[in-house]
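What follows is a set of notes on a single structure, which appears directly below.
As the structure lists them, so they are numbered: ligands from 1, and atoms in each ligand from 1. A quick note: this is a predicted structure, and the numbers were derived from the prediction, not measured.
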Amino acid sequence: MCGIVAYTGRGDCKNILLSGLKRLEYRGYDSAGIALLSPQKKAYTVTLVKEAGKIRELEAELAHTKMKGHCGIGHTRWATHGEPSRENAHPHQDCLGQISVVHNGIIENYAQLREQLEAQGHTFASDTDTEVLPHLMEQEDSNDLLVAMQKVVKKIKGSGAIVAIDPRNPQQLVGARIASPLVAGISKNGNFLASDIPAVLEHTRRFLIIHDQETVKVTPHKVEIFDKEGRAVKREPFKVNWSISSAQKGGFADFMLKEIFEQPQGVKETMRGRLSGGQLRFEELNMDEQQIKGLKKIQIIACGTSYHAALAGKQVIEKWARIPVEVDYGSEYRYRDPIMVPDSLLVAITQSGETIDTLAAIREAKKRGGRVAAITNIVGSSAARESDAVIYTHAGPEIGVCATKTFTAQVMVMYLMGLYFARIKGTITEHSYRELMEELDAIPQKIQEILNGSKQIKKIADRTSRYACFLFLGRVYSLPMALEGALKLKEISYIHAEGYPAGEMKHGPIALADKKTVVVGIMPQDAVYEKLVSNIQEVKARGAHLFSISTQGNDRLAKNVDDCFHIPPAAPALSGILTVIVLQLYAYYIAKNLGRDVDQPRNLAKSVTVE
Ligand code: F6R
């Protein structure tokens, strides 16, 4: 959950680390710190500055600290062990204040290690699990930091990306990866280690992914990677083509708004190469026609917003391809002794590719002999590397903590996959297939039309921002979007919201409805539309404010509700990818009206690498 950036080279290390931390802040933001190796008369010493709070607190502190050096490490933290405070902020150091370490992950056996170290005379300055690392390295008593790191990594259980510096090796960064992500960036002016690519994209476009269980030694002119046994690994760098501006706000007030507006492009990019000339292609699935025809079951695993994409996927795959689909949370699947049906496929949906519960589900399925396909937005992520097949959503980097464009890209992959399976299995007529292909092609334009109506959505948000409770109701294709609409509102506005199947309201939740409640009815014109009209009238009768999302031309409904937004007409099975855009904008404007930080909502982090 934390973010790491480290640099060694000719450049101004302090500012390189600071700007890297700003780009990493979305990974966690309760405290931050940097450590630099500073030249003294004859030797080097470590200068350490850390602060509780956001990066700006650290920046303010650095402004009046003299700090010079060309090699250093930086960290932005999201607390796991120990409360958010200056003491618990990284980097952490050994007893001599020399070996300095940043870490992203959890050391499960830290209590036991700490007890042993304390018994041997080590003194600890924080409550973190991370602090055992510099003390363990100190214990190795080696002048070679890489050797110390390689030995220490074998002693810890858990996960982590780790980077360390030591003034005895003043130009050197040493890193290790145990599950959590770590990349190396290469440039003429020096080299980098970081939790992700955008952290150092302004300095280089050439990168190497450090794989699980590898260690790495970085000097200004060289990046050397070693496997678990300490043998050198040869790996060619790859080039990243994202523009820097695509990782910045591009004129929008927040990353979230920018990313909502990028959805026509994200969806189009995700279709590119998979849908063209009326044909669907999915070579990345690594499955031949016989294997697809023989599929008995699909199990989809995901968490949070990705789970809602999975629910949308279940509906279209079952409808079009007639393959039974089960959806489960990664955090549940791993603990419930799941049944691995022969001739089945496990699909893991995770935008970051690093959600620990989803990764655990992938590992569980693989252990049981299952075939796994990952759907992720991050090239080279753990989910991508550990699965038999990987389908990339091409939404581009998503910086806002709240998932928006990665969600619609995931839903688009679900639509494409459902149709692809249906085509191969022969469960869809030629006419319906052609019609749906044309509809898919038109989705980016329809999303654009909705975005063009954002002012109207803002007005509805302005009228309803002060309500205490929100109920998002939908049925069938609108139900996953009702759940997603409620999640968006909760996470960025901190208002209580629930997504619910509209027909289930009368079995309990209708008791919540009163004058302080807004009911959002997601009701495009489909087979259950009339049913929804009755369901929402039941809550209206209890005094709730009614906001409906329906289809253009439905003027009759507009007269019977308090607020209404119309989406362009679409095939019912594809309406979800349109209604959710309205819900994202609605949540965004409400949160802004309440003065919330939509890009970095409290208590949340972009990739959840702890259980
Ligand atoms: C909500 C959100 C989270 C993530 C969840 C899974 O806006 O972003 O609910 O969807 O943490 O993350 P990934 O998709 O990276 O596995």
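Using a 3.5 Å distance cut-off with no hydrogens or angles, the side chains of Glu484 and His308 do pair a donor with an acceptor. Between the side chains of Thr464 and Tyr586, at least one donor N or O sits under 3.5 Å from an acceptor N or O.
With rounding to the nearest 0.5 Å, the separation of CG in Leu489 from CD in Glu498 is 12.0 Å.
Applying the 4.0 Å criterion to heavy atoms of Cys402 picks out, from ligand 1, the atoms 7 (O). Listed by atom number, the atoms of ligand 1 under 4.0 Å from Lys488 heavy atoms are 1 (C), 7 (O). Close contacts of ligand 1 with Glu491, meaning ligand atoms under 4.0 Å from a residue heavy atom, involve 1 (C), 7 (O).
For a threshold of 3.5 Å applied to N or O pairs, the pair formed by Gln351 and ligand 1 contains at least one separation below that value. Among the atoms of Ser306, some N or O lies under 3.5 angstrom from an N or O of ligand 1.
Taking only non-hydrogen atoms, the option from Thr305, Thr355, Leu487 nearest to atom 13 (P) of ligand 1 is Thr355. Nearest-residue assignment for atom 5 (C) of ligand 1 (options Ala302, Pro601, Cys303; heavy-atom criterion): Cys303.
Within the structure, every pair that satisfies the ring pair (Phe, Tyr, Trp, His ring centres under 6.0 Å) test and touches residues 452-476, not counting sequence neighbours, is listed here: Tyr467-His545. Listed by first and then second residue, the salt bridge (Lys or Arg N to Asp or Glu O under 4.0 Å) pairs that reach into residues 579-589 come to none, sequence neighbours excluded.
Under the 3.5 Å distance criterion, the side-chain polar atoms of Asn286 are matched with a main-chain donor or acceptor of Asp388. Checked by atom type and distance alone, the side chain of Lys405 never pairs as donor or acceptor with a backbone atom of Glu262 at under 3.5 Å.
Put simply, no part of Thr404 is less than 4.0 Å from ligand 1, judged by heavy atoms. Taking a 4.0 Å cut-off on heavy atoms, Glu354 fails to register as neighbouring ligand 1.
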